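Okay, so here's the structure we're looking at.
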There are 2 protein chains.
Amino acid sequence: MILFFTTFKLSYICVMGILRKTKSVKILLDEFEKQSTAISAITLIERFHLNMNKTTIYRILDKLEDDGFLHSFLGKNGHKWYAQCSGCSSAEHHDIHPHFQCSDCGKVECLSTDVLIPTIPNCKVDVSQILIQGTCEECFS
Amino acid sequence: MILFFTTFKLSYICVMGILRKTKSVKILLDEFEKQSTAISAITLIERFHLNMNKTTIYRILDKLEDDGFLHSFLGKNGHKWYAQCSGCSSAEHHDIHPHFQCSDCGKVECLSTDVLIPTIPNCKVDVSQILIQGTCEECFS
DNA sequence: ATATTTAATGCAACTTTGTTGCATTAGTTA
DNA sequence: TAACTAATGCAACAAAGTTGCATTAAATAT
Ligand SMILES: [Mn+2]
Ligand SMILES: [Mn+2]
Ligand SMILES: [Zn+2]
Ligand SMILES: [Zn+2]
């Protein structure tokens, strides 16, 4: 729940996500607004290590995910990536979708395309993470 | 290339995979023959830490993959898993398929089902890793 | 405006997975 | 049985991510 400059009394609301609009939060929010593609935690740490500690970055990303502002997934090396949600809330993330990672430049994009997941005999399927790898538009041409 | 007890002169053959049938290699081969489901590197380290060093385990797994005997993929936490190949060789791995991981017991199975990967505008798709999560047969009933 | 409250931060130490270099061991071949 | 060298063990390392705790700074109350 992102609530900036409201008149709510903090002690009364559910505490899981971002409550205070700190410099660090502003920097990360701006970065995701500016860049539409996904960003890895590692990249953010490299990019903002002068502005804030890596612990802070991990903690803010975690909260922004709780808030339904970001969603996370694992890239090809099993490292954590984040991208903006569209229409999610702290109540539920309903924007599960495949991701495309360029093997050349490493860039990751969220795909709006739906992939049909097969049913598995006697198993209950919950979610599926799909990472498609190849060469992106820029690296291809 | 797994060549045990042959008469080839070692120095003449391509050196990438397993060449000598050591105790450690035998133990790991046996384990994958015995257990049909995938096994994580971490599990093997736990299971055989009295028999061999973790470095040895990682190196043997790596070679067995080169040999086309095992294939690897990342589980839900980004940790490395291995399972037997069917019909692969050191020349090429042609058994790329989705995997199912039980959120309850953690077990992973290879799925023979094919998943249709969407084409992505202006991108060249190479491979896709698909990890389906849910509840397995045993944990479900 | 100032004091109070406490969420957020920085830092150091830690955990976990996996890798590397090098001396030693043990399969394989001569 | 001796020689060759792939494979191993060990210790140290690397990288991603986590935890505890003292300190700082947003937000609120006065
Ligand atoms: Mn996405
Ligand atoms: Mn498999
Ligand atoms: Zn690219
Ligand atoms: Zn299960």
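In what follows, every heavy atom counts, from backbone to side chain, and hydrogens, waters and symmetry copies are set aside. If you're wondering where the values come from, they're calculated on a predicted model, not measured in any experiment. Below, read A as the first sequence line, B as the second, and so on, with proteins coming before strands; counting in each chain starts at 1.
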(request) Output all residues satisfying side-chain contact (heavy atoms from CB on, under 4.5 Å) with Arg59(A), sequence neighbours left out; order by chain, then residue number. (result) Thr55(A)
(request) Return each pair, listed once, that meets salt bridge (charged side-chain N to carboxylate O under 4.0 Å, His left out) where at least one residue sits in residues 38-53 of chain B; pairs must be two or more places apart or across chains. (result) Glu31(B)-Arg47(B)
(message) Please check this pair: side chain of His94(A) against backbone of Ser86(A), looking for a donor-acceptor N/O pair closer than 3.5 Å.
(response) no
(message) Could you work out, with side-chain contact (heavy atoms from CB on, under 4.5 Å) as the rule, every residue matching His97(B), not counting sequence neighbours?
(response) His71(B), Asp95(B), His99(B), Cys110(B)
(request) Grab the CG-P distance between Asn53(A) and dT19(D) for me, whole Å please. (result) 15 Å
(message) Through direct or indirect side-chain contacts below 4.5 angstrom among Ile, Leu, Val, Met, Phe, Trp and Tyr, which residues connect to Val108(B)?
(response) Phe73(B), Trp81(B)
(message) Is it the case that the side chains of Thr37(B) and Glu109(B) hold a donor-acceptor pair, with the cut-off being a distance below 3.5 Å and no angle test?
(response) no
(message) Within residues 71-84 of chain A, which residues have any heavy atom lying less than 4.0 Å from an atom of DNA chain C?
(response) none
(message) Checking Lys54(A) now: which residues fulfil side chain to side chain donor-acceptor pair (under 3.5 Å) with it, not counting sequence neighbours?
(response) none
(message) Tell me which residues in residues 38-45 of chain B lie within less than 4.0 Å of DNA chain D, going by non-hydrogen atoms.
(response) none
(request) Nearest whole angstrom, please: distance from the P of dT19(D) to the NZ of Lys54(A). (result) 13 Å
(request) Please list, chain by chain and in numerical order, all residues satisfying side chain to side chain donor-acceptor pair (under 3.5 Å) with Thr135(B), sequence neighbours excluded. (result) none
(message) Can you measure Leu29(A) atom CG to dA8(C) atom P for me and round it to whole angstrom units?
(response) 13 Å
(request) At under 4.0 Å between heavy atoms, which parts of nucleotides 20-25 of chain D does protein reach? Answer with one letter per nucleotide, 5' to 3': B base, S sugar-phosphate only, - none. (result) B----B
(message) OP1 or OP2 of dA26(D) versus the side-chain N and O atoms of Thr22(A): is any pair under 4.0 Å?
(response) no
(request) State which residues pass side chain to side chain donor-acceptor pair (under 3.5 Å) with Thr113(B); sequence neighbours excluded, sorted by chain then number. (result) none
(request) Specify the residue among Ile60(A) and Tyr58(B) whose closest nucleotide of DNA chain C lies further upstream toward the 5′ end. (result) Ile60(A)
(request) Answer yes or no: does a side-chain N or O of Lys63(A) lie under 4.0 Å from OP1 or OP2 of dA8(C)? (result) yes
(request) Provide, to the nearest angstrom, the distance between the NE2 atom belonging to His49(A) and the C1' atom belonging to dC11(C). (result) 15 Å
(request) For Asp104(B), check side chain to side chain donor-acceptor pair (under 3.5 Å) against everything at least two apart and list the hits. (result) none
(request) Would you mind reading off the distance between Asp62(B) atom CG and dA7(D) atom C1', rounded to a whole angstrom? (result) 14 Å
(request) Starting at atom CD1 of Ile57(A), determine the distance to atom P of dT19(D), rounded to an integer number of angstrom. (result) 17 Å
(message) Can you measure Leu61(A) atom CG to dA16(D) atom P for me and round it to whole angstrom units?
(response) 14 Å
(request) Could you state the atom-to-atom distance from CG of Asp66(A) to P of dA7(C) in whole Å? (result) 15 Å
(request) Please identify each residue that fulfils side-chain contact (heavy atoms from CB on, under 4.5 Å) with Ser128(A), with sequence neighbours left out. (result) Ile117(A), Ile130(A), Ile132(B)
